Amino acid sequence: MGLLYVASSLRQAGFRTGVLDDPGLEGGSLLDYVRERRPRILGFHVNTDSLPRVRRAIRLLRANNLEPPLIIFGGPHVAIEDEPLLAEGFGRVVVRGEGEHAAVEIASWFIHGRGSLESILGITYRDADGCIRRNPDRPFVEDLDALPEPDTTMVLNSSKVRALEIITGRGCPFHCAFCAEGLAGIRYRFRSPESVLHEVRRLVGDQPRAYLGILDDTFLVDRKRVEAIAQGLLKEFGPARLKWFCEGRADFIVKHKDLFPLLGEAGLVRVQIGVESGSQEVLDSYRKGIRLEDTEEAVEILRDADILSIYGNLIVGGALESPETVRQSIDLAKRLIALAPGRMECTASILGVFPGTAVANNPARYGLKIIDPTMRRCVSLRHPVAVTERMSVIDILNAFHEFNREVALAEAEAIASIPSGVMRRQVELIFYGAKTHWADVFLRSSAIKIYHGMLSRKEYHSMSKIAPESLLSMVPHRTGGIVEVEDGALAVKAHPRKILFNEMAGEIYELCSGKLSVAEIVGVLRETRDFLPPEPVLTEHVIDVLRDMDEQFLLVFSDL
């Protein structure tokens with residue numbers, strides 16, 4: 001999104017601009033793009049993980065005589081470590097911090113000869129003599145509403161663009177020790193509700209249903225603003241057309257618990273909260289300002305407000321980590337899953353040490369020894385770059401895998417208590433373009449996988465989509481492909497939990513072969529069974545059985 005904001009500002013200023021947005025871009029494709037378009041300026045977004053790829057990309061361009069005349073860098077890593085790439089001879093300009101205005105000034109200087117590098121705030125650059133110069137910082141953009149909305153039509157590899165995403169605020173008012181977003185001097189600023197709603201309307205367009213990711217590091221900050229946006233979304237899209245995701249803190253959720261029924265009605269289906277650790281001592285060292293009981297209460301509040309998906313990440317191998325604190329984190333994750341089965345996802349990541357953070361600047365204060373300051377061994381926070389006084393690299397890796405193993409067992413134990421309605425909504429969220437971890441868990445069941453696959457075809461319908469007056473003419477199809485006999489009763493085992501039928505329900509399910517309508521199934525039962533209730537009681541009973549099967553993902557219906 002940062003690249004799109006910069007590119008949109010450049011386009012608004014009259015420059016022809018394109019964006020390559022693909023972390024998996026291969027070298028040959030990069031060469032093809034550059035060879036075809038011959039850009040005069042090439043900009044790279046640089047984070048700690050992508051830094052080695054950026055170096056290799058530039059070397060590849062040089063080896064093929066395709067290096068553009070000017071290469072510039074931006075992004076969170078070079079905002080702090082602004083000189084190394086330039087000192088190594090890569091590129092000429094680094095933009096520190098927000099890049100919309102700086103990029104326009106750089107392009108105006110380089111392409112039109114207006115101004116000079118010396119006058120552009122917020123950049124570090126190599127001058128004509130090869131000396132590295134660091135200009136004063138640029139003030140943060142105060143009026144975010146004035147920036148052009150990101151224009152996804154500029155993405156050159158547009159087939160990669162699927163999700164709807166929006167940024168409604170920048171920075172973070174909190175200052176967690178491990179996070180770069182809350183670094184000192186980065187103020188939290190946000191767009192007006194009117195600006196946000198205007199962009200959402202443009203993004204959704206005429207789509208009958210859509211999923212929106214709000215990418216703010218902390219969306220749930222200002223209650224009045226959040227409430228105004230939610231009311232606007234509800235008025236514009238109703239309760240069913242748009243589903244959305246945001247991040248927030250547990251203490252905000254606890255303080256404003258009465259807000260979440262409105263947010264749920266307005267389409268909020270997924271909330272990410274920073275759990276970080278099951279140890280209060282570790283949380284305090286991170287300056288989280290959160291109590292463990294806040295996290296548990298927040299999960300209960302979101303569950304009771306019927307927010308479908310709750311995501312929390314915990315850090316393994318972080319500040320003051322020991323076998324005891326790891327156990328506390330595992331136990332907390334298991335408690336959270338038990339509080340909201342089928343909704344709560346708990347994952348673990350291994351501590352990353354990012355430039356400029358308190359953890360990176362003073363590791364000893366957090367009981368850490370950094371062994372890989374450039375994070376060369378780590379991808380996606382899955383390998384230690386620091387050790388603690390009581391945990392080695394191997395200890396941390398073992399703890400990471402033990403966390404994942406015990407969480408998986410806790411999820412398996414929770415299956416029996418997950419309401420069928422929660423299962424259904426998790427799977428149906430896929431039709432909006434979002435797939436949660438719990439949806440993946442449920443789709444491991446062949447019955448649910450077949451159910452979801454059949455409903456993705458227009459000829460099949462769930463019972464909830466069928467008008468009552470049409471139901472008797474509809475044809476039910478089994479999705480539980482294997483019907484097994486257990487203790488003399490029919491059972492469906494290809495399901496997250498074992499489902500046993502009584503004799504009557506088992507016969508009804510056998511008749512749901514896709515050959516008989518509901519009315520015909522009632523007729524067969526009347527012909528083959530004795531001591532059945534009179535009509536309309538029998539038909540009502542069959543419909544109730546079919547409805548229960550539909551709720552368990554065991555049936556879909558067609559009209560032929």
Side-chain angles (χ1 to χ4, degrees), residues 208-209 238-240 306 342 415-428 431 442-443 445-560:
R209 56 189 173 194
D306 202 23
I415 289 287
S417 61
I418 299 173
S420 297
V422 170
M423 286 188 180
R424 173 180 295 277
R425 289 166 57 207
Q426 290 279 14
V427 173
E428 288 179 346
F431 294 119
F442 301 145
L443 286 169
S445 150
S446 61
I448 296 180
K449 187 173 183 179
I450 292 169
Y451 176 91
H452 173 68
M454 293 179 78
L455 284 188
S456 66
R457 296 159 54 183
K458 63 181 181 180
E459 65 263 36
Y460 295 109
H461 314 276
S462 66
M463 197 168 182
S464 63
K465 305 296 184 184
I466 300 170
E469 63 271 16
S470 302
L471 185 57
L472 287 177
S473 64
M474 299 297 286
V475 179
H477 301 252
R478 292 193 299 264
T479 60
I482 302 175
V483 179
E484 298 179 348
V485 176
E486 182 170 306
D487 298 329
L490 290 180
V492 178
K493 289 188 175 178
H495 195 276
R497 50 180 175 245
K498 187 192 303 181
I499 295 176
L500 293 173
F501 296 128
N502 61 30
E503 185 180 355
M504 175 70 121
E507 185 170 353
I508 292 172
Y509 196 58
E510 285 186 293
L511 292 170
C512 294
S513 60
K515 297 180 179 180
L516 302 173
S517 68
V518 174
E520 290 168 334
I521 289 173
V522 173
V524 170
L525 292 173
R526 182 69 68 186
E527 293 173 3
T528 59
R529 298 181 70 88
D530 298 323
F531 309 112
L532 292 174
E535 291 298 346
V537 177
L538 176 60
T539 297
E540 291 171 351
H541 175 70
V542 171
I543 290 173
D544 286 342
V545 170
L546 294 176
R547 182 176 292 109
D548 182 66
M549 291 175 177
D550 176 74
E551 289 175 356
Q552 299 284 350
F553 305 96
L554 299 178
L555 293 173
V556 295
F557 294 81
S558 68
D559 57 4
L560 290 178

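All values derive from a computational prediction rather than experimental measurement.
Rounded to the nearest 0.5 Å, atoms CG (Leu511) and CZ (Arg478) are 8.5 Å apart. Considering CG of Leu555 and CE of Met454, their distance stands at 9.5 Å, rounded to 0.5 Å. Note that the CG atom of Asp559 and the OG atom of Ser517 stand 11.5 Å from one another [nearest 0.5 Å]. Atom CD1 of residue Ile543 and atom CG of residue Leu538 lie 10.0 Å apart, to the nearest 0.5 angstrom. To the nearest 0.5 Å, atoms CD (Glu535) and NE2 (His541) are separated by 11.5 Å. Separation of atoms CZ (Arg529) and CD (Glu503) is listed at 4.5 Å; rounding is to 0.5 Å.
Here the shortest heavy-atom pairing between Arg526 and Pro534 reads NH2-C, 4.0 Å. Minimum interatomic distance between Leu490 and Gly506 (heavy atoms only, all atoms of both residues): CD1-O, 3.2 Å. Of all heavy-atom pairs between Gly342 and Val422, the closest is O-CG1, 3.6 Å. Closest heavy-atom contact between Ser558 and Leu560: OG-O, 2.8 Å. Contact detail for Leu525 and Ile508: the closest heavy-atom pair is CD1-CG1, 3.8 Å.
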For side-chain contact (heavy atoms from CB on, under 4.5 Å), just list the numbers for Ile499 and Met549, CA-CA rounded to whole Å, side-chain angles, deciding distance to a tenth of an Å, and then say yes or no.
CA-CA 10 Å; Ile499 295 176; Met549 291 175 177; over 6 Å; no
From CA spacing to verdict: side-chain contact (heavy atoms from CB on, under 4.5 Å), Met463, Val518
CA-CA 12 Å; Met463 197 168 182; Val518 174; over 6 Å; no
Check the pair His477, Ile450 against side-chain contact (heavy atoms from CB on, under 4.5 Å), reporting the backbone distance first and the verdict last.
CA-CA 11 Å; His477 301 252; Ile450 292 169; over 6 Å; no
Could you walk me through whether Ile415 and Ile418 satisfy the side-chain contact (heavy atoms from CB on, under 4.5 Å) test, starting with their C-alpha distance in whole Å, then the side-chain angles of each, then the deciding distance to 0.1 Å, before giving a yes or no?
CA-CA 5 Å; Ile415 289 287; Ile418 299 173; 4.1 Å; yes
Does the salt bridge (charged side-chain N to carboxylate O under 4.0 Å, His left out) test come out yes or no for Asp550 and Arg547, once each step is laid out?
CA-CA 5 Å; Asp550 176 74; Arg547 182 176 292 109; over 6 Å; no
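Within the 6.0 Å centre-distance limit, the rings of His452 and Phe431 are counted as a close aromatic pair.
In this structure, Thr479 contributes its side chain and Phe553 its backbone to a donor-acceptor pair below 3.5 Å.
Between Tyr451 and Leu554, every side-chain heavy-atom pair lies at or beyond the 4.5 Å cut-off.
A side-chain donor from one of Gln552 and Ser420 sits under 3.5 Å from a side-chain acceptor of the other.
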What pairs of donor and acceptor atoms, side-chain ones from residues 468-476 against any protein atom, are under 3.5 angstrom apart with sequence neighbours left out?
| unit_1 | atom_1 | unit_2 | atom_2 | d |
| --- | --- | --- | --- | --- |
| Ser473 | OG | Ser470 | O | 2.8 |

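No option in Asn502, Ile521, Thr528 other than Thr528 meets the side-chain contact (heavy atoms from CB on, under 4.5 Å) test with Glu507.
In this structure, Tyr509 and Phe501 have tilted ring planes: the angle between them lies in the 30° to 60° band.
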